[in-house]
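Computed from heavy atoms alone, side chains included, the values below leave out hydrogens, waters and symmetry copies. Note that the coordinates shown come from a computational prediction; the quantities given were computed from them, not determined experimentally. Naming: A, B, ... by sequence-line order, numbering from 1 per chain.
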Number of protein chains: 2
Amino acid sequence: MTSRTQRNTKAKREAPKSLDRAAWLMAAWRALARSGVEGVRVEPLASELGVTKGSFYWHFADRAALLDALLEDWERRATAAVIDRVDATSEDPRVRLRELVHFTTSVSEAPDAEHAIRAWGAVDGAARKKLDRVDARREAYVRALLIAAGVDEGVASFRAHVVYLALIGEYARVAHGGARTSLDAWEELLRMTLGPSSPRASSA
Amino acid sequence: MTSRTQRNTKAKREAPKSLDRAAWLMAAWRALARSGVEGVRVEPLASELGVTKGSFYWHFADRAALLDALLEDWERRATAAVIDRVDATSEDPRVRLRELVHFTTSVSEAPDAEHAIRAWGAVDGAARKKLDRVDARREAYVRALLIAAGVDEGVASFRAHVVYLALIGEYARVAHGGARTSLDAWEELLRMTLGPSSPRASSA
DNA sequence: TGTGTTCCATACGGTTGCGTATGGAGTTGT
DNA sequence: ACAACTCCATACGCAACCGTATGGAACACA
């Protein structure tokens, strides 16, 4: 309150420009990962950022606009980004599959955000739609990898689904503080998944 | 407002006694499944039940007490109850395992509640503790079934973990409106899981 | 030095929900 | 009938947020 002349002057060394949408988005991500959708509130975020609501309502129409932005941001980073990265590792689908599992499993901030969005999707329609799209895309990718690895097309869908369910489950467990699944367990899953189709396909 | 003499007289045919804890608990479950922890609020529940807060604060100390009661209730129903039921179906561990999957998968109200509690556990410490206990117990049960079914003890832990992850994933997907995974997919998982250990145990 | 634009502070009204205090209507026992 | 007990209604005070309205400080630019 002594002098308010330097609000911007040294707030950030490299970005002397004042707060922008991105800063609000990042803060929103932290809040989302920490406390779920209900935790991303305008005024708390403002005080965390050291400003007031006035700033928020300059960059966003309202709280819903911020939540929409979160969803859009997530859709990008949760599909194309991951797939591109995995595709860049190797041509071998088995290697790619392993990399996919290890990567999505090792990024330490991802589970919280992902799980928060899943919980959000259970309550909100917009989040639900995004989730369904992302799920479909990722599962299809896993399925394609399995088929490329020589798994029968018939069982590939089932196995891809199961693998993907396990990944979702891992996100959920890690999100509430559970221990991460060991690499050995993932390897076992991949062995079972990439293995030959079981003897009797229909046992009734 | 005409006459308030019959509040109880015909509220419920069989239970003329007025509202009790159980009624509040059920309403809380519905709210939890529908909107998550943040959705279970005293005043909305009251108006849903056709009473006022006065009733609630008679049966419960505060909102936290209601949430605790939910957690306790869930721990009972999510472990012992399920295991007892599964154990009652057969002696064959394979049949039991199948029954476990089909049962936990088919109870249509369970996924919403389970997922809501998982989301809750990501935010709250008490819920987290309950979750960890329940997870450990259920996973140990699956592991025991696998071993009883002849799976090597070495891989049984890994496979039990994977199966359990898939179940959690299923809860998550169903909770936000996703389609239930087909029985065929579950059967495929069981086939892989109950099958022999893969050829090369260490491929590096 | 004026003028416009960008970004934020301040202040306000309104809603929702928590917890408490208190009384009162029914019911039960005697 | 009277007292005691059970269960709920009513009415407050309080806090957290949302969204809006409005002014002002800093900066650019001419």
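For B:L49 and D:dA9, the CG to P distance is 10 Å, given to the nearest whole Å. Atom-to-atom, CZ of B:F60 to C1' of D:dC8 comes out at 15 Å; the value is rounded to the nearest Å. If you measure from atom CZ of B:R63 to atom P of C:dT16, you get 17 Å, rounded to the nearest angstrom. The nearest whole Å value for the distance from the CH2 atom in B:W58 to the C1' atom in C:dG26 is 13 Å. The distance between atom NE2 of B:H59 and atom P of D:dA9, rounded to the nearest whole Å, is 10 Å. Distance CZ (A:R21) to P (C:dC8): 13 Å, rounded to an integer number of Å. Distance OH (B:Y57) to P (D:dA9): 14 Å, rounded to an integer number of Å. Look at CZ on A:F56: it is 12 Å from C1' on D:dC17, rounded to the nearest Å.
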Please report the C-alpha distance between B:T89 and B:E99 in whole Å, then the side-chain angles of each, then the deciding distance to 0.1 Å, and finally whether the side-chain hydrogen bond (donor to acceptor under 3.5 Å, both in side chains) criterion is met. CA-CA 8 Å; B:T89 59; B:E99 175 64 17; 5.4 Å; no
Can you list the steps and then say if B:E114 with B:R138 is a salt bridge (Lys or Arg N to Asp or Glu O under 4.0 Å)? CA-CA 13 Å; B:E114 172 103 12; B:R138 298 204 286 208; 2.5 Å; yes
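With salt bridges taken as basic N to acidic carboxylate O contacts below 4.0 Å, one links B:D135 and B:R118. Remark: B:E75 does not engage B:K129 in a salt bridge, criterion side-chain N to carboxylate O under 4.0 Å.
A distance of 10.0 Å separates CG in B:L165 from CG in A:L165, rounded to the nearest 0.5 Å. Expressed to the nearest 0.5 Å, how far CZ of A:R173 lies from CZ of A:R180 amounts to 12.0 Å.
Within residues 36-48 of chain B, no residue places a heavy atom under 4.0 Å from DNA chain D.
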